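Remarks on the structure that follows.
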Amino acid sequence: MSVGAPSRAQARPSLLRRWGTVFYDVLSRPSGAIGVALVLTHVLMALFSPWLAPFDYKAMDSGLILSGPSPEHWLGTDHLGRDVWTRVMLGGREALLVCGVATPIAVLWGGMVGVWLGLRGGWPDEIVMRAVDAFLALPGILPLMVLVVIFGTGNEVLIPTLAFFFGIPVIRVVRAAAQTVVARDFVLAARARGHPQRQIIRRELLPNVLDVLLVEGAMRLSWMLLTFSSLSFLGFGVSEPTPDWGLMINDARTFMSLAPWGVLGPMIALSSLIIGVNLMADALGKALGIDRAGKAVL
Amino acid sequence: MSDTPIIDIQNLSIGFTGRSGATLPVLRDVSLSIRAGESIGLVGESGSGKSTLALAAMGFLKGGLRKLSGRVCFRGDDMFARSRDELETIRGGRLGLIPQNSGQALTPTMRIGTQLKEALRLHCLSVPTEQHQEVAHNLLAQVRLPDPNVILQRFPHELSGGQQQRVAIAMALAGEPEALLLDEPTTGLDVTTQAHILQLLNDLAAERNMAMLYVSHDLGVIARSCARVAVMYAGQIVLDGPATEVLRTPSHPYPKGLLASIPRLGDRRLPVALEGRPPPPGGDGEGCAYAPRCPLAEVRCSEAPPHPVPDSLGGIVRCFRAADTLHASMDHGRHEPVHHSPDGQPALSLKDISLSYRSLGLIDRMRGVSEPVPTVDDIDLTIARGETLGLVGESGSGKSTILKAIAGLLPPRAGNICVADEINLPPVVEKRTPEQLRRIQMIFQNPDESLNPRQTIAEIIAQPLRLYDRLDGQALHDRSVALLETVRLSAHYMDRLPSQLSGGEKQRVAVARAFAAEPEIVLCDEVTSALDVSVQAAVLDLLNDLKCSQNTTYVFVSHDLAVVRALSDRVAVLYQGRLCEYGPTEHVYGDVSHPYTDILLGAVLEPDPDTAPKLCAEDVVELSPPALGCPFQRRCPRRLGAICDQQVPPWQEGADGHMIRCHIPREELCIDTQAQTAAE
Amino acid sequence: MTELILRRLALGLVTVWMVSVIIFMGIEALPGDACTAFLERDAQGEVLERCREQLGLNQSATQRYLAWATGALQGDLGVSANGNTTIAAEVALRVKNSILLAAGALSVGVPLAIFLGVFTGLWRDKFPDIFFSTGAIFAMTIPEFVAATIITLIFSIWLGLFPAVVLTPADAPPLDFFPEFVPAAIVLTLVMVAHIMRMVRSSVIEVMTSDYIQMAQLKGVPYWQMVFRHALPSALLPAINIVALTIAWLLGGVVVVEVVFNYPGLGRMMIDAISDRDLPVIQAIAILVAATYVGINLLADLLTILLNPRMRTQHLRRK
């Protein structure tokens with residue numbers, strides 16, 4: 001984050017030490033360590049799975065439809081005779097790509113608006129917050145599905161759409177955090193010295209809402225992954241033959257009474273990723289002294 | 001009453017497990033006993049372990065703490081060995097606690113009456129339930145609360161701080177305690193309220209023959225109430241003796257230094273600061289914990305810890321050099337602050353300033369709601385260059401509000417603010433030019449709030465330098481280091497974060513930041529009230545030095561009249577946002593003064609067992625100033641009659657521009673005449 | 001007090017109005033209109049004209065908004081894009097079913113969640129707390145369709161206790177859905193309990209470490225009396241808001257669960273409408289759900305103000 005001005009160099013040791021401590025704190029909590037390990041595994045798998053996967057994800061073997069686990073096909077094959085293990089390995093790439101790009105955008109735009117509103121107050125705050133309330137009142141997944149149906153399921157549709165809708169709740173959280181900072185004397189002192197608003201935001205507000213922003217980002221990432229996989233589960237996301245966990249679970253459910261193992265692979269993969277992100281966010285929040293458990297997340 | 005102590009603490013050590021796994025003691029080998037009817041004061045700075053000791057006396061330890069050794073006996077039985085049932089009977093019954101902050105210690109969802117009756121039901125088994133309502137009523141009357149029936153129906157947050165404290169006392173009395181533990185019972189209350197509460201407690205102690213343990217950082221409170229005083233430092237009792245000894249001629253260097261660091265009402269000299277800072281809680285050195293700060297320390301002091309020994313004045317002291325301490329003088333650093341004779345050049349003038357936090361919204365205005373009475377009104381003051389103006393008054397008197405207006409953070413509803421050469425300052429900070437902004441700087445009450453926790457000291461100090469002087473690179477660094485040195489901090493503080501500094505150091509950084517702008521006027525908002533006494537003196541001394549070297553003008557806001565006296569050339573007294581009196585310090589603190597000033601001065605608690613405060617006015621808290629007449633009419637003990645309610649009193653001028661705003665003729669405002677009126 | 005309630009009410013109305021504007025403008029901003037969307041490739045010539053006629057698409061946007069808004073206020077949500085179904089009637093049926101499902105989940109979930117929250121909060125960091133808190137993290141984070149799949153696997157496929165999907169038609173009387181709707185209710189209960197429990201737990205922990213609880217202990221108040229009389233009234237206040245959010249969520253958008261179990265509630269209707277590109281229906285459901293959300297949250301806010309003495313007088317005093 002480019003929070004600092006040129007002469008930040010002098011400041012580095014203390015602040016670096018702080019982030020070092022935070023990182024250490026996250027890892028020393030069981031939840032944080034497990035979370036980081038799970039997320040890391042998934043990221044590595046997403047990066048390298050094209051080279052690691054034993055089969056071609058599109059290759060169908062009509063002789064092996066819905067076969068059970070075997071030494072060759074560890075997780076068996078699906079209804080089209082494709083290797084499930086291969087598809088599980090590749091099935092998180094789309095989700096991680098889309099959410100990995102959309103989450104930072106969402107947190108950034110939501111955070112900027114939130115910080116500005118927190119400092120500015122007055123009528124712009126009133127109006128924007130009413131609009132935020134209105135957006136939050138909409139059933140979350142509905143606008144996404146409508147847009148996907150009309151514009152298609154490409155990443156060029158999904159990323160901006162997810163980034164926009166997930167940025168809205170961020171506005172509210174960051175605005176509240178910014179308001180508590182604005183009320184403190186050091187912001188008052190900066191105003192009394194006559195610093196321009198830009199500098200007050202950059203030097204006084206941002207460094208103090210950064211923690212909230214980070215935790216918020218981690219939480220939003222987990223919700224976004226959840227939404228993304230729900231969309232593809234419902235048939236409004238990634239389309240065949242691209243492997244995706246949500247889609248795979250939906251396909252395999254149809255044959256669940258015949259081949260129950262088909263759902264297990266993608267289910268474990270998807271859940272472990274989301275749980276990992278969540279545990280990480282939780283530990284990060286605790287390390288930074290921000291407890292998200294007390295706040296409504298729906 | 002037998003002579004066995006009610007509470008007997010023997011060799012108590014309490015500690016916690018640190019991050020490294022080592023056991024860190026918070027209390028070390030503490031022994032203290034309290035007999036029936038005895039009042040003992042327990043003093044110490046924050047972090048000395050005094051509150052932990054008070055809670056341990058009830059057999060209670062805060063989370064993470066555990067008893068390492070020793071015994072705490074109540075009536076002969078160890079509190080830590082008792083069952084939960086027994087503890088529940090004793091706590092709140094025979095042994096009561098008055099908490100520090102009653103506002104937070106009363107359950108917010110229960111009415112006062114319900115909570116009182118709960119205490120009666122639990123601990124007052126002799127009284128039948130039908131009479132509880134009546135007993136509760138009587139208890140509230142006993143703690144001198146007006147309208148007990150109304151209070152019984154209230155929720156805690158609907159009461160003022162003083163009323164909450166009285167309710168807490170009533171609740172403790174409900175259990176008919178033999179001993180009361182008071183944890184900072186008056187901290188956070190206004191001076192007048194504080195004096196009333198202490199008076200009440202003293203009366204109750206005498207009536208009921210209760211033993212009392214006062215825990216406080218304020219020697220004034222202790223001096224007012226206790227016959228015996230124990231001084232804590234770094235988890236140990238370093239001196240335990242009669243109040244006259246501890247508060248006059250202590251045989252331990254720590255209380256001696258502490259006494260020297262307190263500004264006195266009757267002494268115009270600046271107090272002497274204690275050097276250094278106390279060890280962190282749990283710190284356990286080889287020798288005497290105070291040795292690093294002690295001016296009398298010898299080699300042996302840092303080699304082995306001193307054991308408690310009796311001294312010649314009837315106390316028990318932990319010091320190898322107790323005998324020498326008695327004769328050593330630690331007061332020699334006390335010196336007159338330099339006072340400039342005002343050269344008549346005005347630095348700042350406030351012309352008929354009127355301030356209000358709330359302005360009417362559009363809807364209210366359309367509905368024809370009338371403008372609220374302004375929070376601060378009719379302030380007309382001129383401050384000469386190089387002068388220090390003290391602004392005093394209780395909380396809510398508008399002192400800080402005036403500073404905010406000068407700083408441009410709260411535009412006045414009416415009136416002008418002018419600096420030196422007759423320029424009218426734009427009312428809002430955004431409209432002021434950099435040159436105007438530079439001339440006025442502000443230092444805030446609490447450095448934890450006024451320093452950005454995410455910036456290093458270098459960045460904090462760089463802010464004004466970059467803004468006003470466009471300094472950068474090496475020049476910026478050099479100037480920052482120079483500034484730190486002027487506030488007596490070395491250059492290696494540059495890349496620390498505020499959280500790595502002590503309270504006093506933080507406030508010095510805030511001072512450095514204000515002076516970085518080379519201001520003509522510095523606004524000081526309660527700059528020492530968040531600090532420990534020993535540190536406060538250092539900051540006052542620093543401010544005084546800077547004023548001399550830079551010829552700065554101060555507007556110094558404080559609720560502490562002794563601090564104001566030490567630093568100010570002139571003083572203005574505010575009540576409910578209106579000026580009552582202003583003039584040269586010695587006149588305002590002198591014989592002829594406004595009735596309100598009299599009350600404020602009379603309520604000050606001096607750390608001297610022989611000075612008793614005078615109590616004149618009701619300590620009612622008023623929420624808003626009256627629309628008509630004298631602002632002080634409702635609390636004034638010398639109210640004349642209708643004239644006070646209807647007419648704004650005239651300014652009466654005395655010598656050297658000493659102004660008093662009162663209907664009572666100046667001659668009759670003399671303290672002697674007052675005493676006569678009181679006698680009649 | 002009445003002034004405060006009126007103010008909140010006005011604020012809620014403004015929000016609902018803004019929602020309606022956002023929905024209407026959002027739908028306007030889409031390429032084409034309700035008819036081209038619904039008819040897709042057939043959208044030409046006479047068919048398109050007739051459709052536009054039926055839906056009144058020949059009027060200006062402002063006129064249509066006003067017509068729609070006034071209609072919605074009177075309970076008339078218009079007709080669906082196929083031109084013959086009255087939306088209000090169909091929605092009423094689905095809402096009834098959604099309420100049934102929600103009631104099933106709430107009646108078990110809320111008491112259980114509050115009990116578990118208080119229990120884990122009081123026994124913080126002890127074994128039962130760690131057990132339930134970890135469980136809650138799982139229940140909260142795994143996607144609903146994963147939970148639903150697991151439940152189906154266990155209860156329907158392995159144990160054979162319930163049918164895997166609901167086959168009862170939407171207009172059947174409530175009792176006919178029993179026991180078919182149980183698996184769906186179980187999934188919803190799990191998610192809901194996890195959220196509420198975590199919130200209550202942290203609220204209990206916060207209150208139990210407050211000054212007044214320490215003081216109550218030092219006043220000699222027995223433990224359970226302290227918990228019930230001193231701690232819980234404050235600790236459970238925030239639960240009102242989260243329960244409200246949960247109710248709004250249950251009534252408005254359990255799309256995934258309803259789809260998985262083929263339950264004929266509002267969520268299923270929503271997704272069917274989206275698949276059919278039936279914009280009038282989507283619009284109607286969106287405004288209905290948003291209004292419910294705002295209304296329930298408003299109620300919760302008012303209830304909190306009424307029950308919290310501190311807020312009650314603060315609001316009074318501000319006048």
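Chain letters run A, B, ... following the sequence lines, proteins first, then strands; residues in each count from 1. What you are looking at is a predicted structure, and each value in this text was computed from that prediction instead of being measured.
- If you measure heavy-atom distances from Ile205(C) to chain A, you find no contacts under 4.5 Å at all.
- The distance from atom CD of Glu144(C) to atom CG of Leu190(C), rounded to the nearest 0.5 Å, is 11.0 Å.
- Contact annotation for Leu270(A): only side-chain heavy atoms (C-beta onward) come within less than 4.5 Å of a heavy atom of chain C.
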List the steps and the verdict of salt bridge (Lys or Arg N to Asp or Glu O under 4.0 Å) for Arg198(C) and Asp282(A). CA-CA 12 Å; Arg198(C) 259 168 71 96; Asp282(A) 237 38; 3.4 Å; yes

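- Minimum heavy-atom separation, Ala163(A) to Ala102(A): CB-O, 3.7 Å.
- Using a 4.5 Å cut-off between heavy atoms, Leu225(A) makes no contact with chain C at all.
- Of the two parts of Ile137(C), only the side chain, counted from C-beta on, holds a non-hydrogen atom closer than 4.5 Å to a non-hydrogen atom of chain A.
- With a 4.5 Å cut-off on side-chain heavy atoms, Ser20(C) and Tyr65(C) count as touching.
- The shortest non-hydrogen separation linking Asp301(C) to Asn241(C) is OD1-OD1, 3.2 Å.
- Between Val200(C) and Ile114(C) the shortest heavy-atom distance is CG1-O, 4.1 Å.
- Looking at Val263(A), only its side chain comes within 4.5 Å of chain C, counting heavy atoms on both sides.
- Under 4.0 Å is where a charged nitrogen must lie from a carboxylate oxygen, and between Arg130(A) and Asp133(A) at least one such pair does.
- Per-residue heavy-atom pair counts under 4.5 Å with chain C were compared for Leu279(A), Ile274(A), Leu273(A), Val149(A), and the maximum is reached by Val149(A).
- For chain C, no part of Ser222(A) is nearby; none of its heavy atoms comes within less than 4.5 Å.
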Residues Glu206(C), Ser234(C); criterion side chain to side chain donor-acceptor pair (under 3.5 Å); working and verdict: CA-CA 10 Å; Glu206(C) 196 188 316; Ser234(C) 303; over 6 Å; no

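- Between chain C and the residues Leu234(A), Asn250(A), Thr227(A), the most heavy-atom pairs under 4.5 angstrom are made by Leu234(A).
- Only the side chain of Ile249(A) comes within contact range of chain C, with heavy atoms under 4.5 Å apart.
- When each of Ile142(C), Ile150(C), Leu279(C), Asn297(C) is checked for heavy-atom pairs under 4.5 Å with chain A, Ile142(C) comes out on top.
- Only the side chain of Val259(C) has a heavy atom closer than 4.5 Å to any heavy atom of chain A.
- The parts of Leu136(A) that come within reach of chain C are both its backbone and its side chain, each placing non-hydrogen atoms under 4.5 angstrom from that chain.
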